[in-house]
Colleague: 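Submitted below is the structure of interest, expressed as C-alpha cells.
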Amino acid sequence: MAAVVPADLGGSFDGIAPLQGLAGPLQPQRLQHHRKGAPELFAEDPVQIRLCVIKMQSHVIQGEAAVGEILFYIIQNALLEPGFFIGFLAAGPLAGGGKALYYLFRNIFCPAPAVMAQEEFALLGQRIVVEAFADVAVLSRIQFALTVAYHFLFVPLSIGLGLILAINETRYYRTRKPEDAAATKFWVKIFTATFAIGVATGITMEFSFGTNWANYSRFVGDIFGAPLAAEALFAFFLESMFLGVLLFGRKRVSPKFYMVSAWLVWAGSCLSALWILIANSWMQTPAGGELNADGTEAVITDFFAAAFNPSIFARYTHTVDALLIMGAFVAMAVAGWYMLKKRHSDFAMKTMRIAAVVGIVTSCAMIVFAHASAVVVWEEQPTKLAMMEGMYDSEVPPLYAVGIVDEETQEVIAPFAIPGGTSFLATGNFDTVYPGLNELAQTEEYGAMVVEDMPVNLVFQSYHLMVAMYGLIMVTSILVLVFTFRGGRIARMRWLQWLAVLSPLWPFIAIQTGWITAEGGRQPWVVYPSVSGPEGVSLLTADGISMSVSAPELWLTIGLFIVVYLVLLVGWARVVGRFIKEGPVAEDGDRSEGSPALAAA
C-alpha cells in the first residue's frame, strides 16, 4: 500500500533498495545534527525531500512545504505507518519555539498529494523517532519537566487549600457549630491526600539532581544544599507535625491550639515554598557566591545575599499568590458543584463566600506582584524578556495580546499591538529601547547563546497565554463575588455555577505556563548569567547533565514515571472524588463538641 506525501516538496521518489537497517549505506541527502559533537546515527538519505531538517538540541522542524500539506499527509498515513506518525507527534511538541505549530496554523490549506513508497515513508519516520530522541540533555530535561509539572499539580492545591482550611477552622472556633466542624474535616481530608502525593513526587525531583544532573549538582552543591536542607528541617517538619494534630488531635488538644495548628500547617507550606524558591531564584539571579579556583564550582561567600537574591521577593510573592488563587478557585469549584447538585447548600454558600473573597483579594494583588516580577526580568534577564516579547532586534517593545513568532523571519505576526506598551509596563514610559536577541548574542555575557536555537515562540506563547488566563481569573472572580454577595443569587444561576466548576483550569494553566516562561526563558543556561550576578557564575544546561546516563536509561525511567504517576493520579482522584461525593457530614462527636456547655468550658 502506498503512503501519501505533499506534491511539491521538490524531490523525486525513485524507489530505494530494501531497508538495510537505520545505518545502511544511503545517499545523497543528509539529516543533519545541530548539536555539536553529536554522533552520526545515519548515513546518507536516498529520499530527496525538503520536508524537514532535524535539529538535535532544539528539535526544530524546518519545513519548506506548507504544514497544511504536512497535516494532510499525517492524517492520510496515520494508520499506514504508525512509526512516522508517532515520530511526528513526539517531535512536534518539542519543536524549538513551537515552529511546527507555527507552520500548522499558518498554512492550514493544502494542495493535492502525491505518492511516496511506504518503505521511504517508514525510513523517514524511524529517523525522526531515533534522531530526535537520542540527545541525553534533552531527555534529561524532559524527565525533569515531567516530574516538576506533575509535582506542581499538587503544590498549588496544598498551599491554596491550606488557607481555605485555616479559615474554616477559625470560623468553627468562633461559632462552635457542628456543620462548621464538618467543613474543616472535609478540607483536612482533601488537604492530606494532596499533601501525601506532593511529598512523594517532590522527593523524586531531589533524587534526579544526583542521577540525571550530576555536573549541575557539583557546580551548585555548595549553595543549593543549604536551602534544600532548610526546607526539610524547618518547613516540612513544621507542616507535617501540625498536620498530625489536625488529623488526630481534635479531642486531644484545646480548640485554640487546634485552630493555631491549622494556621501553622498553612504557614509551613508557605515556608517550604520560600526555601524552594530561594534555590530556584538563585539559578535565575545568582548572588552571594563566586567560582572556585579552578572554575568548576560555585562556592557560597554570603548566605544571606544568596538567599535574598535579586529575584526572590518578586518571584516568591508572585508564585505564592498564584497558588492561593488556585486554592480559592478549587473551593469555588467544589461549592459550585454542590449548588448544581442541590446538595450541602449551606456549606456550598459559605464556601463560595470564602472563595470569592480570597479569590478577588489575591487576584487584585497579582497585579502588583506580577509587575514586580516583570521588572526584575527586565533588570536582570534581558534574553528572557526578549523571548517573552519576540524581540530579535533592539526596539521599543510593543504590547501584544495575541500573536505568533516567525522564527525564520524573526518577526512577530500579530493582528494588533500597543506601541511601547511593554516599555511602559516595565519602566513607566513608552520609549525605552530593549536589546534584542541578535544584539545580546554578540555580547561577552550571552555569547554562548545561539539565536536560532532559542525557544522564542514557546516562551512568547506561554507568557501571553498566562496573561490571558489572568484575564479569565479576574472576570470569574468579579462575577462570583458580585452574584454571591448580592442576596446569594449565584445559587439560582446555573451558568455561573458551571463557570465556577470549570474555573480551576484558569489558574492551573496560568501556573504551568508561567513556569514554562520562567524556565524556558533562561535557556540555554541552567544557572543564568544575570546582569548583577557574580562574574563567571553561570552554567549551560547541556553542561549540567550526568555523563554516565544513557538515552535508553532515560527512556526507561520516563516510561516508569509515567506509569507510576498515572496510577498515583488515578488513586488520588478517586480518593478526593469520594470525599467530595460524601461531602461535609457532621458526626456525633462534632455535635457533642459543639454543644453550648463544651463551648463555654
Side-chain angles (χ1 to χ4, degrees), residues 156-157 159-175 177-191 262-263 266 320-369 468-511 576 579-586:
L157 292 177
I159 294 179
L161 292 181
L163 178 60
I164 302 298
L165 188 162
I167 293 173
N168 274 275
E169 177 56 28
T170 302
R171 185 176 63 192
Y172 172 62
Y173 175 76
R174 292 174 176 175
T175 65
K177 293 181 178 179
E179 56 269 25
D180 291 337
T184 297
K185 285 187 176 181
F186 174 81
W187 291 117
V188 166
K189 290 188 290 186
I190 293 179
F191 178 91
W263 284 102
W266 178 63
V320 171
D321 191 57
L323 310 187
L324 298 181
I325 291 173
M326 181 71 179
F329 276 57
V330 169
M332 197 182 294
V334 171
W337 179 254
Y338 285 140
M339 287 180 179
L340 284 168
K341 298 297 181 181
K342 303 187 184 305
R343 297 175 55 209
H344 308 293
S345 300
D346 182 65
F347 168 81
M349 186 55 67
K350 289 180 178 178
T351 300
M352 191 67 81
R353 290 194 183 102
I354 293 173
V357 172
V358 174
I360 196 66
V361 170
T362 52
S363 298
C364 292
M366 181 58 73
I367 298 174
V368 178
F369 299 146
M469 290 300 103
Y470 176 71
L472 290 176
I473 288 169
M474 281 299 300
V475 170
T476 304
S477 296
I478 293 170
L479 288 174
V480 170
L481 180 74
V482 169
F483 290 106
T484 297
F485 285 92
R486 291 187 64 179
R489 291 172 59 187
I490 191 173
R492 302 183 297 276
M493 303 171 67
R494 290 185 63 83
W495 67 269
L496 189 53
Q497 295 165 11
W498 273 114
L499 182 65
V501 170
L502 297 174
S503 66
L505 289 174
W506 323 150
F508 172 74
I509 294 173
I511 289 169
V576 172
F579 292 154
I580 294 175
K581 184 177 179 179
E582 293 173 353
V585 179

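The basis for the numbers below is simple: all heavy atoms, side chains too, and nothing from hydrogens, waters or symmetry mates.
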Colleague: Could you check if a side-chain atom of Val357 sits within less than 4.5 angstrom of a side-chain atom of Phe485, using non-hydrogen atoms only?
Modeller: yes
Colleague: Does the side chain of Leu157 reach to within under 4.5 Å of the side chain of Val330, using non-hydrogen atoms?
Modeller: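 Answer yes - side chains close enough.
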Colleague: So Leu165 and Trp266, side chain to side chain contact (heavy atoms under 4.5 Å, CB included) or not? Walk me through it.
Modeller: CA-CA 8 Å; Leu165 188 162; Trp266 178 63; over 6 Å; no
Colleague: So does Ile473 get a backbone contact from the side chain of Thr476, meaning a donor-acceptor N/O pair under 3.5 Å?
Modeller: no
Colleague: So which atom in Tyr338 and which in Ala348 form the shortest heavy-atom distance, rounded to 0.1 Å?
Modeller: CB-CB, 3.9 Å
Colleague: Salt-bridge test for Arg174 and Asp180: reply yes if a basic N is under 4.0 Å from a carboxylate O, no otherwise.
Modeller: no
Colleague: To check you understand the geometry: which heavy-atom pair defines the closest contact between Pro504 and Phe329, and what is its length?
Modeller: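 In terms of heavy atoms, the two residues are closest at CG-O, 3.4 Å.
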Colleague: Are Arg171 and Ile354 side-chain neighbours, meaning at least one heavy-atom pair lies under 4.5 Å?
Modeller: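 Yes - at least one pair of side-chain heavy atoms lies under 4.5 Å apart.
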Colleague: To the closest 0.5 Å, what do you measure between CE (Met469) and CD1 (Ile325)?
Modeller: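 Met469 atom CE to Ile325 atom CD1 measures 13.0 Å (nearest 0.5 Å).
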Colleague: Nearest heavy-atom pair of Val480 and Ala356: which atoms, and what distance?
Modeller: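 Heavy-atom minimum between the residues: CG1-CB, 3.9 Å.
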Colleague: Taking side chain as C-beta onward, heavy atoms only, is Asn168 less than 4.5 Å from Tyr172?
Modeller: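 No, side chains not in contact.
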Colleague: Hey, are the side chains of Ile167 and Val358 touching, using non-hydrogen atoms and a 4.5 Å cut-off?
Modeller: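 They are in side-chain contact.
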Colleague: Counting only heavy atoms not in Trp337, do more than 12 fall under 6.0 Å of its CH2?
Modeller: no
Colleague: Apply side chain to side chain contact (heavy atoms under 4.5 Å, CB included) to Val334 and Thr351, showing your working.
Modeller: CA-CA 8 Å; Val334 171; Thr351 300; 5.6 Å; no
Colleague: Rounded to the nearest 0.5 Å, what separation is found between the CH2 atom of Trp263 and the CD atom of Glu169?
Modeller: 11.0 Å
Colleague: Is the shortest side-chain heavy-atom distance between Ile190 and Ile580 below 4.5 Å?
Modeller: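 A side-chain contact exists here, since the closest heavy-atom pair is under 4.5 Å.
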Colleague: Answer yes if the side chains of Ser363 and Ser477 hold a donor-acceptor pair under 3.5 Å, and no otherwise.
Modeller: yes
Colleague: If you take all heavy atoms of Met352 and Ala500, which pair is closest and at what distance?
Modeller: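 Nearest pair, atom of Met352 first, then Ala500: CE-CB, 4.2 Å.
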Colleague: Work out which heavy atom in Arg492 is nearest to a heavy atom in Gln497; give both atom names and the distance.
Modeller: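 Nearest pair, atom of Arg492 first, then Gln497: N-NE2, 3.9 Å.
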Colleague: Distance from Met326 atom CE to Trp506 atom CH2, nearest 0.5 Å?
Modeller: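 So the CE of Met326 and the CH2 of Trp506 are separated by 12.0 Å.
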Colleague: To the nearest 0.5 Å, what is the distance between CD on Glu179 and NE2 on His344?
Modeller: 13.0 Å
Colleague: If only atom types and distance count, is the side chain of Arg343 paired as donor or acceptor with the main-chain N or O of Lys581 below 3.5 Å?
Modeller: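 Confirmed, Arg343 side chain pairs with Lys581 backbone.
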Colleague: With rounding to the nearest 0.5 Å, note down the distance linking CD1 in Ile159 to CD1 in Ile164.
Modeller: 13.5 Å
Colleague: Any idea which heavy atoms bring Phe579 and Phe186 closest together, and the distance?
Modeller: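 Where Phe579 meets Phe186 most closely, the heavy atoms are O-CE1, 3.4 Å.
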Colleague: Please report the interatomic distance CG(Leu163) to CH2(Trp187), rounded to the nearest 0.5 Å.
Modeller: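 Between atom CG of Leu163 and atom CH2 of Trp187 there are 11.5 Å.
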Colleague: Take Thr484 and Met349 through the test side chain to side chain contact (heavy atoms under 4.5 Å, CB included) and record every step on the way to the result.
Modeller: CA-CA 8 Å; Thr484 297; Met349 186 55 67; 4.1 Å; yes
